[in-house]
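All ligand and atom numbering here is 1-based and tracks the order in the structure.
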Amino acid sequence: MLCPFCLEDVRFKKTRQSSKVSYACPVCNEHVPILYVQEYEQYPPVVVNAIGFRGHGKTVYFATLFYVLSKQRLGKHWNKFFTMCLNEESLDTVRMNVRMLEEGILPESTPKNFPRPTIVRLQNVPTYPDCTLLFYDTSGEAFEKASQLVQFASFVKRARTVVFLLSITELDDIPTKMRDLLNIYIIGIGDLGGQTHNQHLLVVYTKADKMESYLTEYPDLRDYLKQGTVDGLANMKGYIQRMRKVSDCLKEFTRNTLQAEEFLNAAQEYFKSVSFCIVSALGASPTENKLSVEITPKRVLDPLFWLMERSLPWWQRLWR
Ligand SMILES: Nc1nc2c(ncn2[C@@H]2O[C@H](COP(=O)(O)OP(=O)(O)OP(=O)(O)O)[C@@H](O)[C@H]2O)c(=O)[nH]1
Ligand SMILES: [Mg+2]
Ligand SMILES: [Zn+2]
């Protein structure tokens, strides 16, 4: 089983201290949630990661995702759906992030250290098997050099799908910076003894609310964003089809508008597959790092769907 703390494959040891039963990792000695161990097969882990430069929206994206999962009543669209945090620490993290966004406060820049996971179980999302999401968020500084990635973001090695989060309006030379990030990742994963050829790549364009000037020739993408986050969720098959069309459209956008064809060519060469999506976590720009209005997230569930889609065994994907 995958240890959520050190990401090694281990056999957890059952321990008993007075009346408290728990499972401990033999490698890192962390105590792992009981439900994680006991129902591992039923809710396999999915490593949710975010790779991107400083300030490109990684932490805000995760916070918004927690907000949407806990506040936007997705159970209205999905019969029997619910989420559950598997330990107290994860519940505290989710609650703190939701409260912060509700109060209009944005997170500080994330410190550079190896992150502790936020462990959230998703149950009864239509068309997807149940799973346990392990969220890892670290500083963008960890992705500026391969050696830093090895030290602070080795969790990426265990991700079936690697997620690049890019805020293109904050890049001065988009094609070069995109290629650099990919290059750093490929060196880092090599140094970690991993293989990109076993991984899928998902490119997420963040802060879509700031991208209007880039999207003038893409009315379908603009419409897709306008419809928010929950539109179409009642029909997941249709939603996934649309998500695939959006991915194809963003691939063209990457090639033609961003002129990042070398990034695209290299990504297609090195990864099992490359998909794209676009999100706006906040829906609008904050003023002086405070939110003046309630957040209006746009399409923030799409990366999660892609991660779940790409975690399916190959035969299930083929069947789809
Ligand atoms: N307009 C707009 N701004 C956003 C959005 N998401 C994040 N931001 C802005 O970007 C800033 C940085 O976002 P973070 O999520 O903290 O960035 P990060 O990638 O975690 O940065 P590091 O932790 O330093 O690596 C926020 O403080 C917001 O001002 C969005 O959806 N729209
Ligand atoms: Mg951060
Ligand atoms: Zn461990």
Expected list for residues 180-196: side-chain donor-acceptor pairs under 3.5 angstrom, two or more places apart:
unit_1	atom_1	unit_2	atom_2	d
Y185	OH	Q199	OE1	2.7
Y185	OH	Q199	NE2	3.3
T196	OG1	Y270	O	2.9

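- Nearest protein heavy-atom neighbour of atom 1 (N) of ligand 1: D209 OD2, 2.7 Å.
- Taking the centre and axis of the six-membered ring of Y224, the NZ or CZ atom of R299 falls inside the cone set by 45° and 6.0 Å.
- A salt bridge links R244 to E309: at least one charged side-chain nitrogen sits closer than 4.0 Å to a carboxylate oxygen.
- A distance of 9.0 Å separates CG of N256 from CD of E217, quoted to the nearest 0.5 Å.
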Show me the side-chain donor-acceptor pairs of residues 77-88 shorter than 3.5 Å, one per line, residues at least two apart or across chains.
unit_1	atom_1	unit_2	atom_2	d
W78	NE1	L233	O	3.0
N87	OD1	S90	N	3.0
N87	OD1	S90	OG	2.5

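- Shortest contact from atom 27 (O) of ligand 1 to any protein heavy atom: N289 OD1, 3.2 Å.
- In the vicinity of F53, heavy-atom distances shorter than 4.0 Å reach the ligand 1 atoms 19 (O).
- Considering backbone and side-chain N/O atoms, D137 never comes within less than 3.5 Å of an N/O atom of ligand 1.
- Expressed to the nearest 0.5 Å, how far CD1 of I240 lies from OG1 of T127 amounts to 3.5 Å.
- Residue T110 has at least one N or O atom closer than 3.5 Å to an N or O atom of ligand 1.
- At a cut-off of 3.5 Å, with distance as the only test, a side-chain donor of S22 or T15 sits close to an acceptor on the other residue.
- Remark: R54 does not engage E144 in a salt bridge, criterion side-chain N to carboxylate O under 4.0 Å.
- Near K210, meaning under 4.0 Å from one of its heavy atoms, ligand 1 places the atoms 1 (N).
- Test T132, L122, L35 against Y43 for side-chain contact (heavy atoms from CB on, under 4.5 Å) and you get one pass: T132.
- Heavy-atom proximity to S280, at under 4.0 Å, picks out these atoms of ligand 1: 31 (O).
- At a 3.5 angstrom cut-off on N or O pairs, K58 counts as close to ligand 1.
- Nearest protein neighbour of atom 17 (O) of ligand 1, counting heavy atoms only, is G57 N, 3.2 Å.
- Counting only distances under 2.8 Å, and ignoring water, the protein N, O or S atoms around the Zn ion (ligand 3) are C3 SG, C6 SG, C25 SG, C28 SG.
- A salt bridge links K226 to D223: at least one charged side-chain nitrogen sits closer than 4.0 Å to a carboxylate oxygen.
- The ligand atoms of ligand 1 that sit less than 4.0 angstrom from a heavy atom of G140 are 22 (P), 25 (O).
- For ligand 1, the atoms lying closer than 4.0 Å to a non-hydrogen atom of S285 are 1 (N).
- A 4.5 Å side-chain heavy-atom check between L133 and L307 finds every atom pair outside the cut-off.
- Ranking protein heavy atoms by distance to atom 24 (O) of ligand 1, first place goes to S109 OG, 2.6 Å.
- The protein atom (non-hydrogen) at minimum distance from atom 6 (N) of ligand 1 is V60 CG1, 3.5 Å.
- Of the protein's heavy atoms, K207 NZ, 2.8 Å lies nearest to atom 10 (O) of ligand 1.
- If you chain together hydrophobic residues whose side chains sit under 4.5 Å apart, L291 and I105 never meet in one group.
- Using a 4.0 angstrom heavy-atom cutoff, A284 counts as in contact with ligand 1.
- The Mg ion (ligand 2) has T59 OG1, T110 OG1 as its protein N, O or S neighbours under 2.8 Å.
- At a heavy-atom distance under 4.0 Å, atoms from both the backbone and the side chain of A281 approach ligand 1.
- Between F305 and Y239, the distance from one ring center to the other falls under 6.0 angstrom.
- The shortest N or O to N or O distance between L282 and ligand 1 is under 3.5 Å.
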Please evaluate residues F135 and F66 with respect to the criterion ring-ring contact (aromatic ring centres under 6.0 Å, His included), reporting the C-alpha separation (whole Å), side-chain torsions for both, the decisive distance (0.1 Å), and the verdict. CA-CA 10 Å; F135 290 89; F66 297 145; 4.9 Å; yes
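- Hydrophobic clustering (side-chain heavy atoms under 4.5 Å, transitive across Ile, Leu, Val, Met, Phe, Trp, Tyr) keeps I295 apart from M100.
- Atoms of ligand 1 lying under 4.0 Å from at least one heavy atom of S139, given by number and element, are 25 (O).
- Protein heavy atom nearest atom 12 (C) of ligand 1, with residue, atom name and distance: G55 O, 3.6 Å.
- At the top of the distance list for atom 20 (O) of ligand 1, counting protein heavy atoms only, stands T59 OG1, 2.8 Å.
- In the hydrophobic cluster analysis, where Ile, Leu, Val, Met, Phe, Trp and Tyr join through side-chain heavy atoms closer than 4.5 angstrom, Y36 is grouped apart from L91.
- Within the 4.5 Å cutoff, the side chain of D130 has no heavy atoms near those of the E39 side chain.
- Here Y205 and Y214 keep their ring centres 6.0 angstrom or further from each other.
- Here the side chains of Y40 and P45 are in contact, with some heavy-atom distance below 4.5 Å.
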